[in-house]
Amino acid sequence: MKQFIAFVKKEFYHIIRDKRTLFILLGMPVVQIIIFGFALTNEVKNSQIVILDNAKDAASAQLITELGSSRYFDIKQNVYSYKDIEAAFRAGHIRMAVVFPPHLDEDLKHFNKAQIQLVADASDPNVATTLTTYAGAIIQDFNKRYNQGRQLPYTIQTEVRMLYNPQGKGAYSFVPGVMAMVLMLVCTMMTAITIVREKETGTMEVMLVSPMKPIRIILAKAVPYLLLSLVNITSILLLSVYVLEVPINGSLALLGFESILFTLTCLALGLLISAATDSQQTAMFISLTGMFLPTIMLSGFMFPIENMPVPMQVVSNAVPAKWYYMIVRDVMIKGAGLGAVWKQTLILTGMLVFLLAMALKKFKIRLA
Amino acid sequence: MDNNKVITAHELTKRFGDFTAVDKITFEVTRGEIFGFLGANGAGKTTAMRMLSGLSLPTSGQATVAGFDVYKQNEQIKKNIGYMSQKFSLYEDLTVKENIRFYAGIYGKSDAFIKEKTGYILDHLHMTSEANKLVGSLPLGWKQKLAFSVAIFHEPQLVFLDEPTGGVDPVTRREFWQMIYEAAETGITVFVTTHYMDEAEYCNRVSIMVDGRIEALDTPGGLKRTFGARSMDEVFLKLARAAKRSE
């Protein structure tokens, strides 16, 4: 035990002495959460719009109030002709224009239908789609209320409900993704590098000649990074709850347990890489291209796995981050319990056992 | 078993597939001896040393180190030996004191022992004022001497030095050998590999490996007489020229 503590202490010295790396390790999750949460969001807030109200009746007045009071739109001005709309787009002030037909109220009442035109600046197609969807939803809402108590409904209703993420908030899917990514980076890459570094400098040889058992060397290497990861998990969760306002709907204990499980899987992966390589560059290269990229591409957090070709879907099953991402999304956002994620948990556990066994075997072979 | 023999090897062999790295070497090393282990690159020195230090299992033959069997008791062997590799093996991002504490710690030494001995060593190396400096900032000669002190910190019966003076200036090399003599006087057996033939002269006995076999083993004086040579350099060249394999 004394040996073990001496070793862990030494590992902490390494980490603390390398201030730049430490800063990156602890700062990275914060920066990523902020980047992904705010900058990379596909949610559109406070978009400037103009309204061309040709109707000027009760129905249009009501709709304008509703559009303006939503947090997605700011009504910049009322315009009086299509020419004005064009000018406003050209000047770059606005992203969308809403055009009400003349006699909106009457059209609705007498002809049972009316058309409202939404003109969006499609030079940014994503934003345009999002904005028209928002506006469409608000208009549908209005429709529904207007229809109440009428014998003859006048429009076909399309109901769009966004489960679990009613505002379509981007942060909901980014937070679990960033957690998977950061843990992968800290645990896999850093453990791999730190062990290979000792091989390079020759200190590993000295260690192996000492009475310290190989399994203890490996564990002592893993402990500091496990702790570092716990700090990172905590900071990510705090940021997402208090800054991004993403709630933790499920049990915090379960989330913590699953995170530790995933962390251990990543550590085992790092150990395996370090046992199989001899230089820090190789270790870093394998960790980055072999682990980090698949984590981003194939975990489902950036690109939906359902849309991928079947072979890619099969490959994605081998990515531990995919399962962790599913677990965190279910537990954190949907508030699911262990009953709902036991399958993924079991798969992760299996991966951990497999990777650890492989790493230990590789490590031992080198001693013979 | 003779308690005075720190190493006994009998027809010790290591094969990697078809390649016989170490071919039936037989020798003994006596307590307190400085034993030079010479050979050209690829002669099998490192493999032999790895077998004796418990890093690698022999293919056949017998050997004991510090009275323990290399096949079954390598845990006990590890407790009783020290090792200094040819690569510089201290942590550059740790201070002098932290390095000492760490290596003493993995050998399970008590705090009181570590504290007392650290003070003694730093005093002896005239490095007391450098105790809290990072090892990376020290000159190479100092690091090397510190590494040796660390390798014998836990007072092993035997210390393996794998080309300990590579890249060190002649003055420091002399000082380094002074330390080796001091260690041998306290009863620590020294098993040293080197490429410097002047260093071979400092050893009590020298063995020369060629192509995995020990071709000669005697005192430096005895070897020179046998081969009719004036220096160890000549002895080594005469033997090494006969080598068939090289790296």
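Residue numbers begin at 1 in each chain, while the letters A, B, ... track the order of the sequences. The structure presented is a predicted model; accordingly, all values stated were derived computationally and were not measured.
- Scanning all heavy atoms of the two residues, the minimum distance from B:Tyr107 to A:Ser210 falls at OH-CA, 3.5 Å.
- Scanning all heavy atoms of the two residues, the minimum distance from A:Phe7 to B:Phe102 falls at CA-CE1, 3.7 Å.
- Atom OH of B:Tyr71 has more than 12 neighbouring heavy atoms from other residues, nucleotides or ligands inside a 6.0 Å radius.
- Only the side chain of B:Tyr103 comes within contact range of chain A, with at least one heavy atom under 4.5 Å from a heavy atom of that chain.
- Heavy atoms from other residues, nucleotides or ligands lying under 6.0 Å from OH of B:Tyr181 number more than 12.
- Within a 6.0 Å sphere centred on CZ of B:Phe113, heavy atoms belonging to other residues, nucleotides or ligands number more than 12.
- Looking at B:Asp162, neither its backbone nor its side chain comes within 4.5 Å of chain A, counting heavy atoms on both sides.
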* To do: Give the intermediate values and the outcome of side chain to side chain contact (heavy atoms under 4.5 Å, CB included) for residues B:Leu94 and A:His14.
  => CA-CA 7 Å; B:Leu94 262 59; A:His14 286 321; 3.6 Å; yes
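- Contact of A:Glu200 with chain B is made through the backbone alone, with heavy-atom distances under 4.5 Å.
- In the displayed structure, B:Glu182 atom CD is contacted under 6.0 Å by more than 12 heavy atoms of other residues, nucleotides or ligands.
- Distance check: B:Asn99 CG to A:Tyr13 OH gives 10.5 Å after rounding to the nearest 0.5 Å.
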* Test log, rule side chain to side chain contact (heavy atoms under 4.5 Å, CB included), inputs B:Glu92 and A:Arg17 -> CA-CA 10 Å; B:Glu92 306 232 332; A:Arg17 292 283 144 77; over 6 Å; no
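- Residue contact with chain A, scored on non-hydrogen atoms closer than 4.5 Å, involves the backbone of B:Leu90 exclusively.
- Here the closest heavy-atom approach between residue A:Gln3 and residue B:Ile106 is recorded as NE2-O, 2.7 Å.
- Heavy-atom neighbours of B:Lys117 NZ from other residues, nucleotides or ligands within 6.0 Å: above the threshold of 12.
- Atom CG of B:Asp93 and atom NZ of A:Lys10 lie 8.5 Å apart (nearest 0.5 Å).
- When all heavy atoms of B:Ser85 and A:Gly202 are compared, the pair lying nearest together is OG-O, 4.1 Å.
- The two residues A:Ala6 and B:Gly105 make their nearest non-hydrogen contact at CB-CA, 3.8 Å.
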